[in-house]
Amino acid sequence: MRPDADPERTRLDAEYMGRAIEASRAALEAGDMPYGAVLVSAGGELLQVSRNRQVSSGDCSAHAEVVVVREASARLGPAALLGSTVYASGEPCAMCSGAMFWAGVRRVVWAAPSDAMAALFDGNLLPIRCAQTLAGAVPPVQVDGPVEAEAALRVLREAAGRPAQAR
């Protein structure tokens, strides 16, 4: 922990990331890619926990971060997402980063880094990191990570050990 880190924020980050990692395991068990996301309001209220649904929905854009934004917006209305934080079990790709920005998310916290995920899953990687995608965004988006990386990577390693058709 950084000496200037807020202990309460650090505790909450670990707690919410734990929920995102639990959702990643649920995705894996459902036959989807092992990613989860949690949406927390600007006031700190847990709004939504979602998982990747690419395989089960047949939608290549159903990454956990996009799903969490879609589901929360549909259930609570778009205004509920303004100023929110997304906790993602894996570093968000450019598509997810853009979706979160346009939804009004102003902080993204991620666990497993994109280069580690690419190494586990056949090297597929968009060559731009979440922080790079959101650099210069107006209004700004704070990007923090990795947080709880090893816990997220355990689930990803389990998935990588399965045959591709079973992921």
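Quick note: residue numbers are just sequence positions, from 1.
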Which pair of non-hydrogen atoms, one from V138 and one from F101, has the smallest distance, and what is that distance?
-> O-CZ, 3.5 Å
Decide side chain to side chain contact (heavy atoms under 4.5 Å, CB included) for I21 and S24; before the verdict, give the C-alpha distance in whole Å, the side-chain angles of both, and the deciding distance to 0.1 Å.
-> CA-CA 5 Å; I21 293 167; S24 75; 4.0 Å; yes
Do Y16 and V109 come close enough that some side-chain heavy atom pair is under 4.5 Å?
-> no
Start with the C-alpha distance between D59 and Q54, add both sets of side-chain angles, then the distance that settles side chain to side chain contact (heavy atoms under 4.5 Å, CB included), and finish with yes or no.
-> CA-CA 5 Å; D59 178 357; Q54 288 176 279; over 6 Å; no
Closest non-hydrogen atom pair, L82 against A103 | CD2-O, 4.1 Å
Distance-minimising heavy-atom pair for A111 and P146 | O-CB, 3.1 Å
Are the side chains of M100 and P92 in touch, meaning some heavy atoms are under 4.5 Å apart?
-> yes
V68-V108 co-clustered via ILVMFWY side chain contacts under 4.5 Å = yes
For V38 and V49, work out which heavy atoms get closest and say how close.
-> CG2-CG2, 4.0 Å
Are R53 and E71 within salt-bridge range, i.e. N to O under 4.0 Å?
-> yes
Do R75 and Q48 get their side chains close enough for a donor-acceptor pair, meaning under 3.5 Å?
-> yes
Drop me the distance from C93's SG to H63's NE2, to the nearest 0.5 angstrom.
-> 5.0 Å
Approximate separation, where rounding is to 0.5 Å, of L134 CG and S97 OG = 4.5 Å
Please assess D144 against W110 for the test side chain to side chain contact (heavy atoms under 4.5 Å, CB included), listing each intermediate value before the final yes or no.
-> CA-CA 6 Å; D144 296 316; W110 53 268; over 6 Å; no
Determine the minimum heavy-atom distance between S61 and R70, stating which atoms define it.
-> OG-NH2, 2.9 Å
With side chains defined as the heavy atoms from C-beta onward, is the minimum distance between V40 and E45 less than 4.5 Å?
-> no
Are the side chains of R106 and P140 in touch, meaning some heavy atoms are under 4.5 Å apart?
-> no
Ignoring hydrogens and angles, tell me if any N or O in the side chain of S73 forms a donor-acceptor pair with the backbone of G77 under 3.5 Å.
-> no
Is Y35 linked to I128 within one hydrophobic cluster, defined over Ile, Leu, Val, Met, Phe, Trp and Tyr using a side-chain heavy-atom separation of less than 4.5 Å?
-> no
Nearest-0.5 Å distance, CZ of residue R51 to CD of residue E29 | 10.5 Å
Atom pair CG/CE of L126 and M95 - distance to nearest 0.5 Å | 8.5 Å
Show the numbers, then the answer: is there a side chain to side chain contact (heavy atoms under 4.5 Å, CB included) between L156 and F121?
-> CA-CA 9 Å; L156 292 165; F121 297 112; 3.7 Å; yes
Closest non-hydrogen contact found for V141 with R107 is CG1-N, 4.0 Å
Keeping the roles fixed (side chain from D32, backbone from S56), state whether a donor-acceptor pair exists under 3.5 Å.
-> yes
Heavy atoms, side chains only, cut-off 4.5 Å: are L81 and L39 in contact?
-> yes
Is it the case that one hydrophobic cluster holds both V69 and L46, taking links as side-chain heavy atoms less than 4.5 Å apart, direct or via other members?
-> no
Can we say R11 and E15 salt-bridge, meaning some charged N sits less than 4.0 Å from an Asp/Glu carboxylate O?
-> yes
Gap separating the CE atom of M33 from the CG atom of L28, nearest 0.5 angstrom = 9.0 Å
Rounded to the nearest 0.5 Å, how far does CE of M17 lie from CD of E22?
-> 12.5 Å
Taking the side chain as every heavy atom from C-beta outward, state whether E91 and R129 have any atom pair closer than 4.5 Å.
-> yes
